[in-house]
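In what follows, every chain begins at residue 1, and chains take the letters A, B, ... in the order their sequences are listed.
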Protein chains: 2
Amino acid sequence: MKRSPKLTKQKIVEAAVELFDSQGFDGTTVRQIACKAGVNVALIAYYFKNKKGLLEYVMVEYYEALFRKLDGCRHDTEWESLYDLLRHMLESLVRFQSEFYQVTRLIHRELSVESMLGREIMSTYLAKLKHYFAAVIEEGVEEGEFPPLQVEGVVIQLMAITSFPYTYPQIIREVFYLEPLDEQFVEQMVHYTYDFLHHMMTPLNTFR
Amino acid sequence: MKRSPKLTKQKIVEAAVELFDSQGFDGTTVRQIACKAGVNVALIAYYFKNKKGLLEYVMVEYYEALFRKLDGCRHDTEWESLYDLLRHMLESLVRFQSEFYQVTRLIHRELSVESMLGREIMSTYLAKLKHYFAAVIEEGVEEGEFPPLQVEGVVIQLMAITSFPYTYPQIIREVFYLEPLDEQFVEQMVHYTYDFLHHMMTPLNTFR
DNA sequence: GTCTATATATTGATAGAC
DNA sequence: GTCTATCAATATATAGAC
């Protein structure tokens, strides 16, 4: 029985995302993926060369989609200040991470193990992500819209705040009894981020 | 050739920490651990029952030490306000995570995979950690030292900010070109955390 | 406490029929 | 594109000598 190639490939990706997310990359076998996807094991090698190739495909797809969305903030939406743009971008980031929460978690986890692939992802996509936000902040500082602030420090903390609930959703669930995927929580998260930003932009602070 | 049991056990733990940290739990074999520790493979089962038991031992040891240190903030050091105590506790947390950076990273990573052990660690130690900080903040709010604020939200963000550099040290290194284990960086981190706290305590903010 | 030797299972990947 | 069958490597865990 032949199947549409597009469908088979997609089913493998979906199964892999689910299993990599819940069990980790090394904790997942190609057989489990094939079984969950309802396809033959050999098809993983056919479409993705090997298990690592499948992981790489998922990671690249995720970041390409993220940057398409962030580019949309720059060009599509109307923003009347850099502060406004920054808020748009941060909200987009939070919502993207929430929407693709499984890939978000699995990427961050695999990023934390020492590997070639992790290093490549960091040097390309994470460096780009940092630059997207740092550039806007730097521009705001230069134009006098923002007070002088340590750009890198702000970006690190923005990354920390926005990623935490989606890399450790179980902590949010089992320690704080909140549901990180609820729209209510997402709005709360966006609010937190806005507040943090607002504080950073308040000149009277001692933040250096 | 007989060896001191204390030494052998410790050598296994040290090797395991290093390998679990860099390669992940599932990515590490008991043979690698035994080899790195310079002991026989069978001794892992002798001392820790199995690989999972070794991981559990490392995690429990880490959190027990952390809480001993945090308890020290409450009782040993002199603090003249709850704000002061909170700062002491946060600095202790940051420095502890920096000192045992390998275990910090491996625990956070393994916490992000769906497992019985992870759930147990969360429901005991992370819940306790949350309570340690939440209790001080709540006390401060009740006594009027702090303005009214959403305690849980503050704790989530404190956890996010303080843990990020030690769960993703490679991001700090390869994207921001900073060394997360330098005393200079640690001081910067403590400073960030203090600043965040200071902002939260400033009543004029819109943080709810 | 420490070792060797081994049982048992499972892994990722592929060759080749269809 | 999809399948079966299988290879070769590696995994954890343990039994039993020392």
Side-chain angles (χ1 to χ4, degrees), chain A residues 1-61 106 109-110 113-118 120, chain B residues 1-59 61 106 109-110 113-118:
Chain A
M1 185 179 70
K2 292 193 177 185
R3 219 189 298 272
S4 156
K6 191 88 172 262
L7 244 171
T8 297
K9 194 173 178 183
Q10 200 51 35
K11 281 171 84 172
I12 292 172
V13 168
E14 281 164 18
V17 164
E18 209 146 313
L19 290 167
F20 286 165
D21 170 52
S22 60
Q23 306 179 340
F25 178 74
D26 288 318
T28 301
T29 70
V30 288
R31 270 163 240 271
Q32 284 179 311
I33 297 169
C35 177
K36 177 151 228 162
V39 303
N40 191 280
V41 214
L43 291 174
I44 291 172
Y46 177 76
Y47 283 109
F48 304 97
K49 185 177 169 72
N50 53 33
K51 194 175 127 184
K52 212 180 96 183
L54 175 51
L55 174 65
E56 192 171 347
Y57 178 87
V58 169
M59 287 180 162
V60 169
E61 208 187 25
L106 84 87
R109 184 194 301 127
E110 296 320 320
V113 310
E114 235 72 68
S115 73
M116 272 283 291
L117 180 54
E120 282 167 15
Chain B
M1 184 178 68
K2 292 192 180 184
R3 218 188 299 270
S4 155
K6 192 88 173 260
L7 245 171
T8 297
K9 194 173 177 181
Q10 200 50 36
K11 282 172 84 173
I12 292 173
V13 168
E14 281 165 18
V17 164
E18 209 146 311
L19 290 167
F20 287 165
D21 170 52
S22 60
Q23 306 180 341
F25 178 75
D26 288 318
T28 301
T29 71
V30 288
R31 265 163 244 272
Q32 284 179 312
I33 298 170
C35 178
K36 178 151 227 164
V39 303
N40 189 279
V41 214
L43 291 174
I44 291 172
Y46 177 76
Y47 283 109
F48 303 97
K49 183 175 171 72
N50 52 33
K51 196 175 126 184
K52 212 180 94 181
L54 175 50
L55 174 64
E56 190 170 349
Y57 178 89
V58 169
M59 287 180 163
E61 208 187 26
L106 85 85
R109 184 195 299 126
E110 297 318 321
V113 310
E114 234 72 68
S115 73
M116 270 285 290
L117 181 54

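One atom, CG of A:Leu43, and another, C1' of D:dG1, lie 7 Å apart when rounded to the nearest Å. Remark: P of D:dT2 and CZ of A:Phe48 are 12 Å apart, rounded to the nearest angstrom. Between B:Lys11 atom NZ and C:dG1 atom P the separation is 15 Å, expressed in whole Å. Summarising the geometry, the separation between CD1 on A:Ile44 and C1' on D:dG1 is reported as 15 Å, rounded to the nearest angstrom. Counting to the nearest Å, the C1' atom of D:dT14 and the OH atom of B:Tyr47 are 17 Å from each other. Across the protein-nucleic acid pair, A:Tyr46 atom OH and D:dG1 atom P stand 4 Å apart, rounded to whole Å.
When every heavy atom of B:Ala15 is checked against every heavy atom of B:Lys36, the shortest pair comes out as CB-CG, 3.7 Å. Of all heavy-atom pairs between A:Leu55 and A:Leu117, the closest is CD2-CD2, 3.7 Å. The shortest heavy-atom contact between A:Asp26 and B:Gly27 is OD2-CA, 3.6 Å.
At distances below 3.5 Å, not a single donor-acceptor pair connects side-chain atoms of B:Thr28 with backbone N or O atoms of B:Gln23. Panel note: side chain B:Gln32, backbone B:Thr29; a donor-acceptor pair is recorded below 3.5 Å. Panel note: side chain A:Arg31, backbone A:Val41; no donor-acceptor pair is recorded below 3.5 Å.
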I'd like a list of close polar pairs between nucleotides 9-14 of chain C and the protein, N/O only, cut-off under 3.5 Å.
from, atom 1, to, atom 2, distance (Å)
C:dG12, OP1, A:Thr28, O, 3.3
C:dG12, OP1, A:Lys51, NZ, 3.0
C:dG12, OP2, A:Val30, N, 3.1
C:dG12, N7, A:Arg31, NH2, 2.8
C:dG12, O6, A:Arg31, NH2, 2.7
C:dA13, OP2, A:Lys51, N, 3.1

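Here A:Thr8 reaches the OP1 or OP2 of D:dT2: one of its side-chain N or O atoms lies under 4.0 Å away.
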Show the numbers, then the answer: is there a side-chain contact (heavy atoms from CB on, under 4.5 Å) between A:Ile33 and A:Leu54?
-> CA-CA 11 Å; A:Ile33 297 169; A:Leu54 175 51; 4.0 Å; yes
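Within the structure, ring-ring contact (aromatic ring centres under 6.0 Å, His included) pairs that include any residue of residues 17-41 of chain A comprise A:Phe20-A:Phe25 (at least two apart or interchain).
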What pattern of brackets, bars and dots sums up DNA chain D from 5' to 3', given Watson-Crick or G-U wobble pairs under 3.5 Å, [ ] for crossing pairs and | for another strand?
-> ||||||||||.|||||||
